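This report concerns only the one structure given below.
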Amino acid sequence: MKHYLVIFFISIIVTRLCAQNNAHTSEGAFTQFMRLSDSISASFPEDDIKTFRRASFSESQLQTYLSLHFQRLDLLKSFKGHHSFILDSYLHSGNWFREVGFPKESINSYRDFFNYYQKNESRLAPAEIKGYIEMQTYARSMLAESYAKLGILDSAAKEHKENIKFTKNRGYIYYPSAINNYGLFLYWHKKELDSALYVFNKAYAIVQEQFSKHTLIGSIRDNIADIKFDQQNYSEAHFLYSANFEFFKIAVNEISLVKDIPRLISAGTQLVTTNINLNDLEEAQRVFNDLEKIVHFQSQINDLETGSKLEFLNVKESLYKKLDRIEEAYHTSEEIRHLSDSLQQIANNIDKKWQEELNDVTIDRIALNFKLERIQKENKIRSQRNKLWFSGLLSSIFIILLVALIINRRQHLINAKNKQLLAEQRLENSALKVEQLNSEIKSKERDLSDFAIKLTQDQDWAMELADKLEAIKQASPKDRESLLQELDLAIANKVNVDSDTQDFFNRLDKLSDAFYSKLTNSYPNLSKNEIRLCSLIRLKIESRSIATLQNITLASLNTSRYRLRKKLNLSEDIDLDFFIYNM
């Protein structure tokens, strides 16, 4: 009955799911998606940078955004067509989750992007396919980064290698960029400096040859210099930082079309630090003066990032300490502390808020709320599904009847199988009884055989005795006396031997009772003489003495030992005496 109820409820759930899938048409789902997007964009436009910053959201705002966003992702599964729109939506979702610090959800969205692209690439126009080349390599790189943040380094390395393979024959800057990203993974996460340096040099050679004016060359050069610096190879690091400082003074970013000031300031501070480590304070001062002008100008136009300012102040403090300008170094240190405290306080407040309120538990809670909302909507339209429920009920009854027949048939087969096993067991018991009777018959046959051998031996002795009597009759009176004495002695010996031997075997049987039981249980086909032979061997009596006790020749004893080995099923490499000793 329990199985029937489970099957019944499963069939109901399947029916409900089918009804739900039919409830959302493709265009209806698309309209619903756009309505949700409009609600989101009212507070957080998707083209606004603040939408991708954790600090932009309060708790209630994040919950609202996540709830609407989960609903949008669920609606994407109902779309028919709109392939580019779906791909862009998955990309946006992956980017947003990554930027606000939810790497697990970011991985899911990027995975959805790649899975959908693979299934629907043939439905995209050639221009769309070309446009998604850059998006794919970017998404693959971000997917690897999310895996690395979670400590899943094998998956991260796999994604980097897939990206390198994908971009290898695509041309433009994607290929060396993918190689550079893999180098950063080896450098930052695997801490494999030599491997990372090899990868960076490979990317640098490609960019130098094909894209020497692209700002990527500065990024790769900076990565190589950082490794050289970590390896305390300050001379080579100095050359690379110096080249970067001059490069970023004039280089324009290919996307923003403006100078990358944070990179320029970073290159300058790294160059000053390297000069300090080389103890070239004059050159360090010269570079610092140049850097100070840049920082001052950016401050005046309100275009200096706090991180760049802090980087500049740190190298300023280091230089002043090296120049023994202690008071200026102290004031700089105070300025750094004040700026760091401000940044730390902001960071702590943000981290505390997100750690306590906006973590994975919040995502789970919001996802659950969304599911509850969806169930409530299903309840509202339940009245419209009477026909489907009726057909589902009929299907359930049919399934239950079918399963009942299957279970009944299965039980019938089990009963038949049990009867067959019982019959086989009885047949096997009968066979064992027959085998036991045959064994007893063979044992009695062996006893008769042993008795026949004994009779033969006695007859041989009697014939030998008759020959001696005939010799006495024919002997002279002089020799007859001595022959009679020999005959008398032979008869006495025969009587004594039989009596002593019988007494010996009686004692042997009593002493070996437990051994006999074990032996006969294991080998019921052994004769009495063979059992006694085992006992004599177990007592470590020599073969010649055993032959005398059994009143047989040594050759006959060897034949008996051979027959005993066969009955004990001993292979040629097992010694008979050793086997009996250890029983």
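Being a predicted model, the structure only gives us computed values, none of them experimental.
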Item to check | Aromatic contact, Tyr132 with Tyr138 (centres under 6.0 Å) | outcome: no

Item to check | Residues which pass salt bridge (Lys or Arg N to Asp or Glu O under 4.0 Å) with Glu305, listed by chain and number, not counting sequence neighbours | outcome: none

Checklist entry - Of all residues at least two apart in sequence or in a different chain, which pass the salt bridge (Lys or Arg N to Asp or Glu O under 4.0 Å) check with Glu311? => result none

Checklist entry - Among all residues two or more places apart in sequence or in another chain, which pass the ring pair (Phe, Tyr, Trp, His ring centres under 6.0 Å) test with His92? => result Phe52

Item to check | Where at least one partner belongs to residues 151-163, residue pairs that pass side chain to side chain donor-acceptor pair (under 3.5 Å), sequence neighbours excluded | outcome: Arg111-Glu159, Thr137-Asn163, Arg140-Glu159

Item to check | salt bridge (Lys or Arg N to Asp or Glu O under 4.0 Å) involving Asp303 - partner list, sequence neighbours excluded | outcome: none

Checklist outcome for this item: Residue pairs meeting salt bridge (Lys or Arg N to Asp or Glu O under 4.0 Å), one or both in residues 246-255, sequence neighbours left out, come to Glu246-Lys249, Lys249-Asp290

Checklist outcome for this item: In short, salt bridge (Lys or Arg N to Asp or Glu O under 4.0 Å) pairs touching residues 219-239 with sequence neighbours left out are Lys228-Glu236

Checklist entry - Between Tyr90 and Tyr110, is the ring centre distance below 6.0 Å? => result no

Next on the checklist: I'd like to check the ring pair (Phe, Tyr, Trp, His ring centres under 6.0 Å) partners of His82; sequence neighbours left out, ordered by chain and number.
Outcome noted: Phe30, Phe79

Item to check | Phe245: ring pair (Phe, Tyr, Trp, His ring centres under 6.0 Å) partners, not counting sequence neighbours | outcome: none

Item to check | Residues that Glu192 engages under salt bridge (Lys or Arg N to Asp or Glu O under 4.0 Å), provided they are two or more places apart | outcome: none

Item to check | Phe297: partners by ring pair (Phe, Tyr, Trp, His ring centres under 6.0 Å), with sequence neighbours left out | outcome: none

When the side chains of residues 196-203 are checked against the rest of the protein, which donor-acceptor pairs come out under 3.5 Å, sequence neighbours left out?
residue	atom	partner	partner atom	Å
Asn201	ND2	Leu197	O	3.2

